[in-house]
Peer 1: 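The structure's right below; bear with me while I get my questions together.
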Protein chains: 2
Amino acid sequence: MKTYLECIPCFFKQALEASKLSGANRKMQKKILDEIALNIPKFPLTYSPPQMARIINGTIRRITGKNDPYAKIKRESNSLALSVYTRLKKKVVRSRDRLLTAVELAIAGNIIDYGVKNTLNVQEELKRILDKEDKAIRKEDRSIFNYKSFHSALKRSKTILYLADNAGEVVFDRILIEEIKEMHKDKNIIYAVKEKPVINDALREDAVSAGIGQNAIIISSGVDAPGTVLSLCSKEFLKIFKHADMIISKGQGNFEALSDCERPIFFLFMAKCPVIAKDVKCGLGDVILLYKNKRIN
Amino acid sequence: MKTYLECIPCFFKQALEASKLSGANRKMQKKILDEIALNIPKFPLTYSPPQMARIINGTIRRITGKNDPYAKIKRESNSLALSVYTRLKKKVVRSRDRLLTAVELAIAGNIIDYGVKNTLNVQEELKRILDKEDKAIRKEDRSIFNYKSFHSALKRSKTILYLADNAGEVVFDRILIEEIKEMHKDKNIIYAVKEKPVINDALREDAVSAGIGQNAIIISSGVDAPGTVLSLCSKEFLKIFKHADMIISKGQGNFEALSDCERPIFFLFMAKCPVIAKDVKCGLGDVILLYKNKRIN
């Protein structure tokens, strides 16, 4: 997805938030915003938002000297999500269609996204997800939900590449990965995280602490953008990307980076901003399972 | 009020909205945002947000050649607000404390603000204001409400300067002005609008069409910023500003421009953005009647 002009205000918002988290004082925050502002005319809108966000986060890192401002937040998100793991699992076990519930939960976990929300009460969001009243995701909120294709693709695929999104959310991914493994023991699942810190995107340590390693091979995409930008990926990753039988992509950032890609991909995310909702043609806050296959659609 | 760094994303949002309303195509919109971006490092944060917004709106006007992109919206807001005038009036007449109700309505009318909200459904907002369930503004939403001081200042003042904010909102101001005149026939009320178009700020024609002229003298402040920035005001206006016995200032823009001013002022507005809410120390969406008097507080 190309960057819309509507993304520009959001870049500044996100930059300000990350600057504060990096401990920058007001003067330094201003310096960061000024530098980003001077770069705006140089940004080609053909870049996807994660490509722009990567450059912005690089600027913040250089000026503040802080490598991973979201480190504490990521640890907290992981531990909060792990604390509800058993309850999430129960939800799945007790449901009529375990895979469907696991898919829905994996998407619900995508609410833990500091790139879009800037500030976020993870505890509150988790409570909402677990709330009994909220048990079933309303059908009208699943405006795009290619579950049948997802289900049958799973059956026929041997190697599944699963692109991680954020810390905390990784625990919800574990639920889905366990469900896939429960149904099909013979699947090889490869779970790809980011190479370097960017916003609250999951790194290897987050995937490990969430327990993903029990059912999947954890690799890095080689990327330090908040989305799997192929031009930035490592050769090893690109080989897996090219040959995987099925690709599951989590989150807005990965959708933004890969929506125009040639490979067929299942995008699982919540449409958290009006720009995405408009691009995908869905409602704001919708739970999306979108199968993009250039050979078909 | 100085400009906070948190205002910067909003400048871009507002600029994009105004560019679209001016009929700019995507390329022109990008040109506008690029030019604003290049100016960000030159903006001193000691400027108030309306001073910055004025420069931004000047850029949009110059690039698009459109003098008053909000003209149609302003006309519609006026006519929608006028269509509920009788119902607003009834609310006042039937209430226990007519002045209080008129003050509350005048503040409620401040919801018609394209500078803050970018997009807005005026019809829906008016419905909400008129909704029977919504009759009384909850006390907890009036966190800062210096009504007693307002009431007694009215009594002892002969000349009252009333600083207008937005089109549409002017009809709500008329309700309050009529109530003041009903109580105190001898008061001279001067109603000051902006000199030139800026966002949806009220101009002379808006005040006239709202019927303000029946109870007040309509003047211009000489300003083309979305707030009464004193350094931009006409000499005639400043004379009135200096000598008025009481100043009533409507809206966020006027608060931002005048909050550090030496003159005692009654600020009536809704706290529509987190930056203002933080500055004033109130909740987001609160109904504010704030008396600022440097001699006292």
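What you see is a predicted model, and the numbers here were worked out from it, not measured in a lab. Just so it is clear: chains get the letters A, B, ... in the order the sequence lines come, proteins before strands, and each one is counted from 1.
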Peer 1: Should the heavy atoms of other residues, nucleotides or ligands under 6.0 Å from NZ of A:K196 be counted, would the total exceed 12?
Peer 2: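 Count not over threshold, so no.
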
Peer 1: Please look at A:L16 and chain B and tell me whether the side chain, the backbone, both or neither of the residue comes under 4.5 angstrom of a heavy atom of that chain.
Peer 2: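 Contact with chain B is through the side chain of A:L16 alone.
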
Peer 1: Answer yes or no: does atom NZ of B:K31 have more than 12 heavy-atom neighbours from other residues, nucleotides or ligands under 6.0 Å?
Peer 2: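 Result for NZ/B:K31: open.
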
Peer 1: Considering non-hydrogen atoms only, spot the tightest contact between B:R26 and A:L5 and give its length.
Peer 2: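 Nearest pair, atom of B:R26 first, then A:L5: O-CD1, 3.7 Å.
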
Peer 1: Looking at CD1 of A:I40 and CG of B:D34, how far apart are the two atoms once the value is rounded to the nearest 0.5 Å?
Peer 2: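 CG of B:D34 is found 7.5 Å from CD1 of A:I40.
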
Peer 1: If you look only at distance, which donor and acceptor atoms sit under 3.5 Å apart when one is on a side chain in residues 41-51 of chain A and the other is two or more places apart or in another chain?
Peer 2:
from: A:S48; atom 1: OG; to: A:Q51; atom 2: OE1; distance (Å): 3.3
from: A:Q51; atom 1: OE1; to: A:S48; atom 2: N; distance (Å): 2.9

Peer 1: Look up atom CG in B:N39 and atom CG in A:L38, then write down how far apart they are to the nearest 0.5 Å.
Peer 2: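 These two atoms lie 10.0 Å from each other.
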
Peer 1: Does any backbone or side-chain atom of B:E6 lie under 4.5 Å from a heavy atom of chain A? Answer side chain, backbone, both or neither.
Peer 2: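 Both backbone and side chain of B:E6 come within 4.5 Å of chain A.
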
Peer 1: Taking only residues at least two apart or on different chains, which pairs with a member in residues 12-34 of chain B satisfy ring-ring contact (aromatic ring centres under 6.0 Å, His included)?
Peer 2: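 Found A:F12-B:F12.
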
